[in-house]
Amino acid sequence: MLTGVFQASKKDGSLYYRSNITYRSKHISLGSFDCEAKAHQAYLEANELLQNDTITIDTVSFHDYILKHDKIVTLLNFRDNNIYMKNPIYMFRSYFCYYLSPDEIYKFDIDDLFYFSGHKLLKRGGHLYVNDYGMQVTILSRYGIRNFAVAGRDYLFANQDPYDLRYENIININPFHGVRRSNQNGKISYQTFIHIRGDFRIGSYSALHEAAIAYNKAVDLAHRYGIRKNFPTNFITELSAKQYAQAYTEIELSEKYIRYLKQLNQTDCGD
């Protein structure tokens, strides 16, 4: 066998070739290949990356290698930072980059290194997530951003870079369910919606916490009218229990919403 290549067989008896390299006393798997020549080429590429420090994370051309991009990132990070991680992470002084692909690179705070070294970053339908204890957890939830929040409406990137996911770059405009921020000719207001059979507008409020409480009140009213749905609840931590109760009492819901609930109740009873 050529250097760095080991022959193996699948369950059906067909052969394939595994490529490996040892660096700083660590045995590193480079992948599996359908022929000995490709496996050996992977070994030669890995050896060059580990020995030639003129090849850097900023200058490496991922598409010129038979090695996968995540393995290239892993090898360069191990060489430069002496830390081996299976995920395609490269560490800088105060942050790290996660190379989801050669052209899609996300920046995170160094405090999140332990988490992402053990959780593989995935993307589906434009949403970033990880599998955590059998559940799909969106990355934005780590910043208090709700599922299906809209960039530009519910949260912003301070430096306009959507790939920069450091905490200082994420501005969570609206952390509450059923609330949308509106800017009409420079005047900010908060619109409250509840989803029953489509989105229904509850009202417009001048303060964010008022809109969030209005949503809770709308949910309570929907339940009293027999709407059996598991609505999420807003928690307004900046108000005391007394302040919340007073605001809850004073906040008004639209008469149109109340008529809507009565109509739904009558329709359901008629069915």
Output a table of donor-acceptor pairs, distance under 3.5 Å, between side-chain atoms of residues 204-211 and any protein atom two or more places apart or on a different chain; print 'none' if there are none.
from   : atom 1 : to     : atom 2 : distance (Å)
Ser204 : OG     : Gln191 : NE2    : 3.0
Tyr205 : OH     : Glu252 : O      : 2.9

Give the table of side-chain donor-acceptor pairs shorter than 3.5 Å for residues 53-63, with sequence neighbours excluded, one pair per line with atom names and distance.
from  : atom 1 : to    : atom 2 : distance (Å)
Thr54 : OG1    : Asn52 : OD1    : 2.5
Thr54 : OG1    : Asn52 : ND2    : 3.3
Thr56 : OG1    : Asp58 : N      : 3.3
Thr56 : OG1    : Thr59 : N      : 3.2
Thr56 : OG1    : Thr59 : OG1    : 3.0
Thr59 : OG1    : Thr56 : N      : 3.0
Thr59 : OG1    : Thr56 : O      : 3.4
Ser61 : OG     : Asp64 : OD2    : 3.0

Show every ring-ring contact (aromatic ring centres under 6.0 Å, His included) that has at least one partner inside residues 7-49, sequence neighbours left out. Tyr23-Phe78
What residue pairs, at least two apart or across chains, pass salt bridge (charged side-chain N to carboxylate O under 4.0 Å, His left out) with a residue in residues 219-246? none
Could you note down all residue pairs passing salt bridge (charged side-chain N to carboxylate O under 4.0 Å, His left out) where residues 133-145 supplies at least one of them, sequence neighbours left out? Asp112-Arg142
Going by salt bridge (Lys or Arg N to Asp or Glu O under 4.0 Å), name the residues that satisfy it together with Lys123, two or more places apart in sequence or in a different chain. Glu104
For residues 82-97, tabulate all N or O donor-acceptor pairs below 3.5 Å that involve a side-chain atom, not counting sequence neighbours.
from  : atom 1 : to     : atom 2 : distance (Å)
Asn82 : OD1    : Arg24  : NH1    : 3.1
Asn87 : ND2    : Phe116 : O      : 2.8
Asn87 : ND2    : Ser117 : O      : 3.4
Asn87 : ND2    : His119 : O      : 3.3
Tyr90 : OH     : Asp80  : OD2    : 2.6

Under the rule for salt bridge (Lys or Arg N to Asp or Glu O under 4.0 Å), what residues qualify as partners of Arg201, not counting sequence neighbours? none
Keeping to residues at least two apart or across chains, list the salt bridge (charged side-chain N to carboxylate O under 4.0 Å, His left out) pairs with something in residues 4-16. none
Listing request: all salt bridge (charged side-chain N to carboxylate O under 4.0 Å, His left out) pairs with a residue in residues 169-190, at least two apart in sequence or in separate chains. Arg180-Asp199
List, one per line, each side-chain donor-acceptor pair under 3.5 Å for residues 170-179, sequence neighbours excluded.
from   : atom 1 : to     : atom 2 : distance (Å)
Asn172 : ND2    : Gly144 : O      : 2.9
Asn174 : OD1    : Phe176 : N      : 3.1
Asn174 : ND2    : Asp154 : OD1    : 3.3
Asn174 : ND2    : Val179 : O      : 2.2

Taking side-chain contact (heavy atoms from CB on, under 4.5 Å) as the test, write out the residues that go with Ser29, two or more places apart. Asn20
